[in-house]
*Asks:* 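Here it is, the structure in full.
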Amino acid sequence: MFVAIGIMDNAAYRSFLQVLPPVEFACVYGSSLHPSNCDKTTMTDYIIGVADPKQWHSENLKLNKHHYASWMVHLGGERLITGVADEIGVGVHFNPFVSWNGKLFKYGVVRMHDLLQDVHYWEKFYLCGRLQKPVHIVVDNLDVNSTNSVNLRAAVSAALLLLPSEFTEADLYAKVCSLSYMGDVRMLFAEDKNKVKKIVSGQFDLFHSMYKPFLEEYEAKKLLRLSSIANNQIHISQDCDLSVDYSLVSALPPSIRNQIIMKEGVKEKLRETGRAINDTRSRVREEAANCLQRILRRRVMVSSARQAVSGLLAVGAVNASRYLARKVTKAWKSWR
């Protein structure tokens, strides 16, 4: 379910990992995967999963102490690094602006248990959001590739609940992409306002490769109807029928599914698939969509705020200013 990358690119992505302690999982994400990205100054972004972050950082400090903010190294080492990530952030410690072999890298280290929990249950809706967009898997000792299919199916279902009865393939991917930016505090001042559009247009073929199996699955289940239009895109139509709503809600993670059903009082309506009138159908879809948006917005807002504070502490004053300046500059350009 992940993006296929050429052998030469895969070798290049693996080469950086050789300077780090062994990892259980690693993937590359972000603008470096853009097929037409020739910007040599672009930072290559990694998510790295390890069994025990404290032990891993202890080993990495011996190998690459210069990757970390000096204050964290001197005041607490691996204990402080993992403490800030877990207690203030969402369990991920990022080391940005790592210079190696003439290129810049950023890598985020997370406990494998936390990664899998977010993929399965959207508890923090942070890493699962990353994995709903194109990534290239480099190391996968625990078969996260297969596990992520649950996350992708849930993302498609969530997007469908938020979309009208007819839309394009690009609309679907834009909605999927936007899920992890709902309520993101960075979107207020430090992100390109056209970010979602640029991600989808720049990586459309990669999105198509990721989500084609789920579109075909939902078409086979009569949840969608697919037809081709210009530019090899797919036109999609869906029935806002209660049986369809029930199938889509059922594909969401349990805690979100239960909140939608119980809070909105649509449990009985969703069961009455044969006796509903059109007005009831539209109201159930609208109620489910509104509830879903509120839940995701709340989770993303909390996680993005916590991670922003954790990130600023983790990288130190100089790198924090450097990173924030880059983000704000890009955001400012998009608003002009």
*Asks:* If the condition is side-chain contact (heavy atoms from CB on, under 4.5 Å), which residues does Phe204 pass it with, not counting sequence neighbours?
*Replies:* Glu169, Ala170, Tyr173, Val200, Gln233
*Asks:* Determine the sole option in Leu172, Val156, Leu215, Val244 for which the side-chain contact (heavy atoms from CB on, under 4.5 Å) test with Leu224 is passed.
*Replies:*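 Among the candidates, only Leu215 passes.
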*Asks:* Excluding sequence neighbours, so at least two apart, what forms side-chain contact (heavy atoms from CB on, under 4.5 Å) with Leu142?
*Replies:*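 Partners of Leu142 by the side-chain contact (heavy atoms from CB on, under 4.5 Å) criterion, ordered by chain and then number, come out as Glu24, Met112.
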*Asks:* Under 4.5 Å between side-chain heavy atoms, hopping through other hydrophobics if needed: is there a path connecting Val135 to Val150?
*Replies:*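 They do not share one cluster, since no chain of ILVMFWY contacts under 4.5 Å joins Val135 to Val150.
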*Asks:* Going by the rule ring-ring contact (aromatic ring centres under 6.0 Å, His included), which residues pair with Trp122 if we only count those two or more places apart in sequence or in a different chain?
*Replies:* Phe125
*Asks:* Taking side-chain contact (heavy atoms from CB on, under 4.5 Å) as the criterion, tell me which of Val249, Leu248, Leu161 meets it with Leu292.
*Replies:*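 Checked Val249, Leu248, Leu161 against Leu292; only one passes side-chain contact (heavy atoms from CB on, under 4.5 Å): Leu161.
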*Asks:* Would you say the side chain of Asp114 lies within less than 4.5 Å of the side chain of Glu123, judging by non-hydrogen atoms?
*Replies:*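 A side-chain contact is absent here, since even the closest heavy-atom pair is not under 4.5 Å.
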*Asks:* Are the charged groups of Asp239 and Arg225 less than 4.0 angstrom apart, N to O?
*Replies:*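 Salt bridge present between Asp239 and Arg225.
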*Asks:* Working to the nearest 0.5 Å, report the span between OG of Ser32 and OH of Tyr46.
*Replies:* 8.0 Å
*Asks:* Between Asn64 and His66, is there a side-chain donor-acceptor contact under 3.5 Å, judged purely by atom types and distance?
*Replies:* no
*Asks:* Among pairs that include at least one residue of residues 299-309, which meet side-chain hydrogen bond (donor to acceptor under 3.5 Å, both in side chains), considering only residues two or more places apart or in two chains?
*Replies:*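 Residue pairs with at least one partner in residues 299-309: Ser255-Arg299.
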*Asks:* If the condition is side-chain contact (heavy atoms from CB on, under 4.5 Å), which residues does Ser201 pass it with, not counting sequence neighbours?
*Replies:*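 For Ser201, no residue satisfies side-chain contact (heavy atoms from CB on, under 4.5 Å) once neighbours in sequence are set aside.
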*Asks:* Suppose the criterion is salt bridge (Lys or Arg N to Asp or Glu O under 4.0 Å): which pairs have a residue in residues 90-100, not counting sequence neighbours?
*Replies:*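 Qualifying pairs: none.
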